[in-house]
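Working notes for the structure below.
To find a chain, count down the sequence lines: A is the first, B the second, and so on, and within it residues start at 1. Just so you know, these numbers come straight off a predicted model, no measurement behind them.
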Amino acid sequence: MVVFIIRRTLMMIPVLLGATILCFALVDLSNDPVQDRVFEIEQSTGEPVPQSTIDALEASWYYDRSVPERYWIWLTGLGDTNDDIGLLQGKWGPSIEGSAMDIGTEISSRFWITLRLVLFATIASIGIAILAGVVSAVKQYSRTDYTLTFLGFLFLAMPIFWLGSLFKEGAVQLNKILGSTVFQTYGSGTTGFQGNGWAVFVDSLPYLIVPTLVLMLGGYAAISRYQRASMLEVMNSDYVRLARAKGVRNGTVMRRHALRTALIPVATFAPLALSGAMGGAMVTESIFGWRGLGVYSLDAINAGDTFAVMAYVLISGVVVLIGVLISDILYGVLDPRIRYE
Amino acid sequence: MSNTAAPRLDAEAITSKERGQWELVFRRFFRHRAAVVSLVIFVVVVLFAYVGPFLWKWDYKIHSEIPSWAAPSLAHPFGTDKAGRDMLGAMMQATKQSLNVALVVAIGSTVIGALYGAVAGFYRGWVDSVLMRFLDIMFVIPFLVITGALAGAIDTSVRWYHMAIILAVFGWTSIARAVRAEVLSLREKEFIEAARSAGGSDWHIITKHLIPNTMSVIIVSATLQIAFAILSETTLSFLGLGIQSPDTSLGLLIDAAGASAFNEHWYLFYIPGVMIILIALTINFIGDGMRDAMDPRQTMVRR
């Protein structure tokens, strides 16, 4: 098992490298922050920008070299640098927002905010998907089944940003009616709240409810349909019939014999749910005014801040790849035919 | 002898009419009630978007004679927004732009994905490994970030075809996986061997034998791709990284509606939202009906 995990972790490296190369090339080639900044300065001062300023900007953002060179220096930090770049040395590169906005500090403070949301939402959506899928399959063609299937289709068709806006306003109305603040709808925690990790987490809970609900409903539908299909297939299989025939109680058959096997195909969808939630977090964070990674990446995209976008790409890539690894391990736990030596 | 045979053939012709493959598919599809209803609604939506503007007197632009923030009435069935824009006209334009994107993405990404998947599955070996590793890379790249970054980098105002191209270039991976899986089993079949022994080139086998035989997978994926494209395009437009004003899109209309879900301007929020849901929902049902209709293992008995 340990060997398997190490091998899979090593196999992530080329995938991550490929993804960063492709992203870097696309984002970098499609943006020219130097030109944008020069244009901005010209607009505000009304005078042409001296060449020395342009050169200084280019040098500080490493735009005085070619794209492959810039990628190399972003990755390794080897060569002639201002000592602020080089991923392998733990430096994320200069942000075009200036030296006050260090990408590393921004990301590390925002990472847990986003991860909290994404993990809760993924676990909740997989949980509710399994529940809905199993209930649908066990009560096949009943009214419950049709209702759940229709709800699944409905949430599959519902854009997260619309659902998010609706739930946010709904929560605001509910707060008004109840005269309380059960649901916090703006921000990810009380402003300026200080305390240890657990206190911060407890403080963030009221802020977490509605966005998690939105992401959960946006993500569960696809999985629950697969859960229903695989559960139906297993329930019609011979070994479940055998278990019934030898007199095992129905609940035990469902739990121990049917559900365990039926969960295997669903394990494939865990990483998909995770990457979906990462994408959805961008939307929910911007609706609910969170200062998380998703909003950070949006701001970076709007500013043409290549190094900041790359930081997001890298982190989201690592999170998704860890999701893939966990789903592979789950395979081994669920399916006795799969053993990782 | 001929006298006795002829009536018997006629009798047989009455009981079992010869039916082509597509006729069977259509018959099966029309048995799927939800899919047929969805198809009708979807056609109505398409007519609303493409024919509607010729029939309705207001377009999506701001007019000084339109009152600001008028509630839905006969003069303006979907109301008007703050700037003085007839929302029915705006909805027609927005739906048209979103559908434009969706249809082009469905076709474009399906062509890319089907060819990619067929080549990967047909050649196996190192070609397959390289192509599949590239798919892994595409999976790791956050879709909204890369499409948003490219759309945000367009200097001129972003048009629907910009969005269509960007979404198609990054949205084909699921089709490629589905087609590859299908081709992997097809390539071992006898008719492929026959085509090869008859001297068919690889390209001939891929385009004339493999892809036509995966048509059912491809058509279903292409249909579902419409829903995917609508949701992606509206999300990007909502985030400000898609189609931009003065043009309009369903995502842009919802963004403009802002926090009006529970106040007097509720119609600004719900109408575009319901339109997106309607399109994505009907497309999903149609895709489901097609999957059932095209599956050759499908029997008349529902399991």
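Closest non-hydrogen pair, B:I146 versus A:V27, comes out as CD1-CG2, 4.1 Å. Residue A:S30 comes nearest to B:A153 through the heavy atom pair O-CB, 2.9 Å, listed as atom of the first residue, atom of the second, then distance. Between B:I137 and A:V15, the shortest heavy-atom contact is CG1-O, 3.7 Å. Counting all heavy atoms, side chain and backbone alike, A:I301 lies closest to B:A149 at CG2-CA, 3.6 Å. Residue A:G317 comes nearest to B:V140 through the heavy atom pair CA-CG1, 3.5 Å, listed as atom of the first residue, atom of the second, then distance. Contact record, A:M158 with B:L231: C-CD2, 4.4 Å, taken as the closest heavy-atom pair.
Distance CG/A:L22 to CD1/B:I141: 4.0 Å, rounded to 0.5 Å. If you take CZ on A:R225 and CG on B:D288, they are separated by 4.5 Å, rounding to the nearest 0.5 Å.
For the set A:C23, A:S297, A:P14, the entry with the most heavy-atom pairs within less than 4.5 Å of chain B is A:C23. Here A:L166 is the residue among A:L156, A:V320, A:L166 with the most heavy-atom pairs under 4.5 Å with chain B. Chain B forms the most heavy-atom pairs under 4.5 Å with one residue out of A:G18, A:S286, A:A300, and that residue is A:G18. The greatest number of non-hydrogen atom pairs below 4.5 Å with chain A, out of B:I283, B:T234, B:I279, B:T282, is found for B:T234.
By the neighbour-count criterion of 12 heavy atoms within 6.0 Å, atom CD of A:Q35 is sparsely surrounded, having that number or fewer from other residues, nucleotides or ligands. For CD of B:Q244, the number of neighbouring non-hydrogen atoms (other residues, nucleotides, ligands) closer than 6.0 Å is greater than 12. Few gaps surround CZ on B:F29; more than 12 heavy atoms of other groups in view lie less than 6.0 Å from it.
For chain B, no part of A:V318 is nearby; none of its heavy atoms comes within less than 4.5 Å. With a threshold of 4.5 angstrom between heavy atoms, A:F155 does not approach chain B through any atom at all. Only the side chain of B:F238 has a heavy atom closer than 4.5 Å to any heavy atom of chain A. With a 4.5 Å cut-off on non-hydrogen atoms, A:L314 does not touch chain B at all. Contact annotation for B:L278: neither backbone nor side-chain heavy atoms come within less than 4.5 Å of a heavy atom of chain A. Residue B:F269 touches chain A through both its backbone and its side chain, counting heavy-atom pairs closer than 4.5 Å. Contacts of A:I21 with chain B are absent, with no heavy-atom separation under 4.5 Å from either backbone or side chain. In this structure, chain B has heavy atoms under 4.5 Å from both the backbone and the side chain of A:S165. For a residue to count as touching a neighbouring chain, one of its non-hydrogen atoms must lie under 4.5 Å from one of that chain's; by this rule B:I254 touches chain A with the side chain only.
Residues B:P142 and A:V313 meet the side-chain proximity criterion, which asks for heavy atoms closer than 4.5 Å. Side chains of A:I160 and B:T235 form no contact here, defined as non-hydrogen atoms less than 4.5 Å apart. In this structure, B:D255 and A:F161 have side chains that are not in contact, with every pair of non-hydrogen atoms separated by 4.5 Å or more. Residues A:M278 and B:V145 form no side-chain contact, since every pair of their non-hydrogen atoms from C-beta on lies 4.5 Å or further apart. Inter-residue side-chain proximity for A:L26 and B:F170 is flagged as met; some heavy-atom pair is nearer than 4.5 Å.
Taking the six-membered ring for Trp and thresholds of 30 and 60 degrees, B:Y270 and A:W162 have ring planes more than 60 degrees apart, a perpendicular arrangement.
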